[in-house]
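Since the structure comes first, as structure tokens, the remarks are kept for the end.
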Amino acid sequence: MGDKRNIIMAVLLTGIILFGWPILMETFFPDMVNKNEAVEQSEQVAAGSAGVPQADGSTPAVSTTPGSTNIGAAAAAGTIRKLPVVLAENPRVAIETPRLKGSINLQGARFDDLTLTDHTTELSKDSPPVRLFSPTGTKDAYFSRFGWAGDGVAVPDDSTVWSADQGKLTPETPVTLSWANETGQTYAITFSVDENYLITAEQSVTNRGENTIALNPFGIISRVRDLNNVPPGEADSWTIHIGPMGVFDGVANFDTNYEDVDEAGASGIAADATKGWVGFTDKYWLGALVPVGAAKVEAKFRAGSGNIYQAQIARENAQVIAPGKILKTTTRLFAGAKETALLDTYKEQYDITLLDRAVDWGWFYWFEKPLFYLLDWLFKFSGNFGVAIILMTFVVRGIMFPIAQKQFGSMAQMRAVQPKMKKIQEKFKDDKQKQQQEIMKLYKDEKVNPLAGCLPIFLQIPIFFALYKVLMLSIEMRHQPFALWIKDLSAPDPMTPVNLFGLIPFDPPSFLAVGILPILMGITMHYQFKLNPQQMDPMQQKIFGLMPWILVFIMAPFAAGLQLYWTVSNVLTIAQQKWLYSRHPQLKEQMAKDAEEKAKKAAEEKAAESN
């Protein structure tokens with residue numbers, strides 16, 4: 001009866017895990033659940049609707065506090081227009097660098113057209129480059145703008161058309177935009193760009209008027225974000241932060257999300273960004289404003305109507321400019337891929353505080369970055385990211401080999417004292433406290449550590465989680481192939497027998513789309529558990545027997561690179577166990593004896609039931 005109850009409990013546990021896991025994944029790992037699900041986005045807004053949000057990021061000309069009015073000004077009702085149509089509406093300055101391509105909108109002096117030429121949206125060769133910034137009036141509008149706010153003085157706004165001294169912005173040719181009002185103030189913004197993703201904006205205003213003026217220079221990043229229609233892999237979760245982000249008071253802030261900005265209302269969420277930065281982070285991309293200089297800078301996140309969100313920086317106080325004087329302010333704009341080595345370089349070269357934390361490494365930051373650099377070095381050495389993962393697995397198992405030796409030695413000692421332990425359990429079966437005391441005394445006398453076998457398991461936890469973060473977050477690993485059908489090791493294994501390896505036109509749910517790699521992982525883990533000493537408790541034996549097959553379904557939605565790591569690690573562990581068994585023959589003999597006793601007991605119980 002006890003065995004039947006244990007079997008029922010094991011089946012129930014399996015069912016809870018299999019059917020409860022999709023709910024947990026949807027809650028905590030939405031980026032992986034949505035990885036292979038197509039998200040259809042409408043190109044139009046029905047006529048007569050509330051209108052198309054412009055995400056204009058406009059600032060009032062009557063206040064020295066940027067963004068003090070509602071940023072969510074909406075255009076008249078209509079349709080979202082095609083990108084080429086919107087790009088042709090206003091004069092533009094081309095942007096052309098080794099890694100960026102796009103244009104600056106001279107109306108409003110906006111960076112609102114930017115693509116990353118090194119990264120494509122999909123794996124196919126004809127896939128378009130990733131678009132980071134898009135102009136107002138298009139789907140997913142996203143841009144940056146620089147300007148001034150002031151009292152009693154005309155300042156350029158989002159409708160101002162600027163003049164440019166160059167037709168193209170390149171690393172060799174900066175571009176200066178200029179505009180003058182009717183009271184003698186001349187405004188200028190000189191943009192320069194490096195060969196990667198860093199743009200520098202030097203704002204200056206020359207006061208040729210008769211009166212002293214007060215101005216506050218600012219920079220904004222504005223985007224439209226439809227929270228009800230999030231693209232695959234771009235959902236905020238407890239493992240990966242996506243949304244508003246910055247470094248405030250020397251601390252990277254991962255706690256603010258879009259819902260928090262909504263709840264803050266018109267006042268927004270303010271923080272001290274002096275020597276910090278502020279912007280919006282996606283899984284692989286970042287748009288961030290970085291103030292330059294020691295002046296006190298306030299950052300703010302605000303929300304407007306139509307799913308508009310804005311990050312802005314402004315000096316704490318307006319700057320007074322006497323007649324004949326010039327005010328200059330410099331701000332940097334990072335717009336590109338969150339490449340770890342590049343972020344580290346910018347952090348050191350330009351003294352940008354914690355820019356490397358734009359990658360949400362999480363709890364094991366101290367361990368994950370070295371692991372990333374090891375994996376990246378192995379990738380450059382081997383030329384194949386899958387091979388790099390295999391090589392890294394050898395490195396990790398090699399480092400843990402001495403610990404595994406101690407583990408097996410401890411297991412051998414534990415097996416050696418099993419007969420003495422059984423005698424103690426039988427002698428003090430009615431006195432549990434005395435029984436525990438005698439067992440602990442036995443451990444001490446025999447110099448046995450019952451917890452030694454658990455150490456490798458605990459050490460695997462940070463390694464596994466670190467590798468998960470590296471594979472899911474590092475742009476360097478995105479779209480990297482391994483071999484055969486594995487074209488992207490940062491995505492789940494696409495080859496599944498559930499649809500007969502693609503022969504049946506059926507896309508199974510993510511938790512049922514079990515690929516070849518997770519199946520191999522389950523098989524190798526099953527064989528690995530078979531080599532382990534049998535657990536004394538029958539219930540534990542059943543759970544350990546089911547665990548590999550449960551993990552097959554749990555691991556199915558994870559990155560193929562993670563599945564590859566675990567499978568190779570299992571194979572190495574099996575080889576390691578066989579070698580260590582040869583060094584500890586008493587452990588293998590005891591395992592055979594336990595198995596014989598177990599078979600004998602099962603036969604006796606079966607005979608008793610038949611009688």
Any idea which heavy atoms bring L132 and W285 closest together, and the distance?
CD1-CB, 3.8 Å
Polar side-chain atom of T115 near backbone of K101 as donor-acceptor pair, under 3.5 Å:
yes
With T138, which of V86, V85, V224 fulfils side chain to side chain contact (heavy atoms under 4.5 Å, CB included)?
V86
Between D488 and R478, does at least one N-O distance fall below 4.0 Å, as a salt bridge requires?
no
Taking all non-hydrogen atoms of both residues into account, name the closest pair between A252 and R357 and its distance.
CB-CB, 3.9 Å
Has D260 got a side-chain atom pairing as donor or acceptor with E263's backbone, closer than 3.5 angstrom?
no
Show the numbers, then the answer: is there a ring-ring contact (aromatic ring centres under 6.0 Å, His included) between F301 and Y309?
CA-CA 7 Å; F301 292 113; Y309 298 88; 9.7 Å; no
More than 12 non-hydrogen atoms from neighbouring residues, nucleotides or ligands closer than 6.0 Å to CD on E89, yes or no?
yes
Nearest heavy-atom contact between T274 and A294 is CG2-O, 4.0 Å
For the residue pair R208 / T186, report whether a side-chain donor-acceptor contact shorter than 3.5 Å exists.
yes
Ring centroids only, cut at 6.0 angstrom: are Y142 and F133 within range, meaning strictly under it?
yes
Please confirm whether the backbone N or O of G108 pairs with a side-chain atom of N105, one donor and one acceptor, at under 3.5 Å?
no
Please report the interatomic distance OG(S134) to CG(D140), rounded to the nearest 0.5 Å.
7.0 Å
Step-by-step side chain to side chain contact (heavy atoms under 4.5 Å, CB included) determination, T256 to Y258:
CA-CA 7 Å; T256 303; Y258 289 109; over 6 Å; no
Close side-chain approach of V359 to S474, heavy-atom, < 4.5 Å
no
From the list T281, D282, D360, side-chain hydrogen bond (donor to acceptor under 3.5 Å, both in side chains) partner of K338 resolves to T281
At their closest point, which heavy atom of A109 faces which heavy atom of L177, and how far apart are they?
CB-CD1, 3.8 Å
State whether the side chain of Q480 and the backbone N or O of G386 hold a donor-acceptor pair below 3.5 Å, judged by distance alone.
no
Looking at Y373 and A341, what are the two nearest heavy atoms and their distance?
OH-CA, 3.5 Å
For the backbone of L100 and the side chain of T97, can you confirm whether one donor and one acceptor N or O come within less than 3.5 Å of each other?
yes
Stepwise ring-ring contact (aromatic ring centres under 6.0 Å, His included) test for F218 and W148:
CA-CA 6 Å; F218 66 86; W148 294 261; 7.9 Å; no
L333 pairs by side chain to side chain contact (heavy atoms under 4.5 Å, CB included) with which of L289, V193, T200?
L289
So CZ of R302 and CD of Q310: to nearest 0.5 Å the spacing works out to 5.0 Å
Donor-acceptor side-chain pairing of S127 and T121 below 3.5 angstrom
yes
How long is the gap from CG on D356 to CG on D344, to the nearest 0.5 Å?
5.0 Å
Kindly state whether the ring of Y197 and the ring of Y346 have centres lying under 6.0 angstrom apart.
no
Gap separating the CG atom of L342 from the CG atom of L198, nearest 0.5 angstrom:
8.5 Å
Can you check side-chain hydrogen bond (donor to acceptor under 3.5 Å, both in side chains) on R225 and N307, steps first, answer last?
CA-CA 5 Å; R225 179 76 171 173; N307 296 318; over 6 Å; no
E195 CD: over 12 foreign heavy atoms closer than 6.0 Å:
no
Validation row: S103, V93 side chains within 4.5 angstrom (heavy atoms):
no
Would R131 and L83 satisfy side chain to side chain contact (heavy atoms under 4.5 Å, CB included), going step by step from the backbone distance to the final call?
CA-CA 11 Å; R131 171 165 289 278; L83 180 64; 3.4 Å; yes
Rounded to the nearest 0.5 Å, how far apart are CZ of R223 and CZ of F143?
12.0 Å
So for atom NZ, which belongs to K369, do other residues, nucleotides or ligands contribute more than 12 heavy atoms lying within a distance under 6.0 Å?
yes
Are any non-hydrogen side-chain atoms of V292 and T331 less than 4.5 angstrom apart?
no
CG of L343 to CG of L354, rounded to nearest 0.5 Å, is 11.5 Å
Does R92 come within less than 4.0 Å of D112, counting only side-chain N to carboxylate O?
yes
List the steps, then state whether side chain to side chain contact (heavy atoms under 4.5 Å, CB included) holds for K283 with L473.
CA-CA 6 Å; K283 182 192 290 188; L473 290 176; 4.2 Å; yes
Beyond-backbone contact of I189 with W162, side-chain heavy atoms, under 4.5 angstrom:
yes
M477 side chain near V470 side chain, heavy-atom distance below 4.5 Å:
yes
Check ion pair E96-K168 (N to O, under 4.0 angstrom):
yes
N181 vs Y187 side-chain heavy atoms within contact, under 4.5 Å:
yes
Whether W361 side chain and K469 backbone form a donor-acceptor pair below 3.5 Å:
no
Less than 4.5 Å apart, side chain to side chain, heavy atoms only: is that true for E339 and R99?
yes
Does the separation of the ring centres of F482 and F385 fall below 6.0 angstrom?
no
Could you please spell out the steps behind the ring-ring contact (aromatic ring centres under 6.0 Å, His included) verdict for F111 and F191?
CA-CA 10 Å; F111 275 85; F191 292 115; 4.8 Å; yes
List the atom of S222, the atom of I308, and the distance in Å for their closest heavy-atom pair.
OG-CG2, 3.8 Å
Tell me whether E298 contacts the main-chain N or O of K296 through its side chain, where contact means a donor paired with an acceptor under 3.5 Å.
no
Are K275 and V297 close enough that some pair of their side-chain heavy atoms sits under 4.5 Å apart?
no
State whether K380 and E476 are salt-bridged, where the test is any N-O pair (Lys NZ or Arg NE/NH1/NH2 against Asp/Glu carboxylate O) under 4.0 Å.
no
Is there a side-chain hydrogen bond (donor to acceptor under 3.5 Å, both in side chains) between Q185 and T183? Walk through the geometry before answering.
CA-CA 6 Å; Q185 286 77 42; T183 57; 2.4 Å; yes
Spell out, as yes or no, whether a donor-acceptor pair under 3.5 Å connects the side chain of Q563 to the backbone of F558.
yes
Heavy-atom donor-acceptor pair, N207 side chain to I321 backbone, under 3.5 Å
yes
Could you walk me through whether L286 and F280 pass the side chain to side chain contact (heavy atoms under 4.5 Å, CB included) check?
CA-CA 6 Å; L286 174 69; F280 295 101; over 6 Å; no
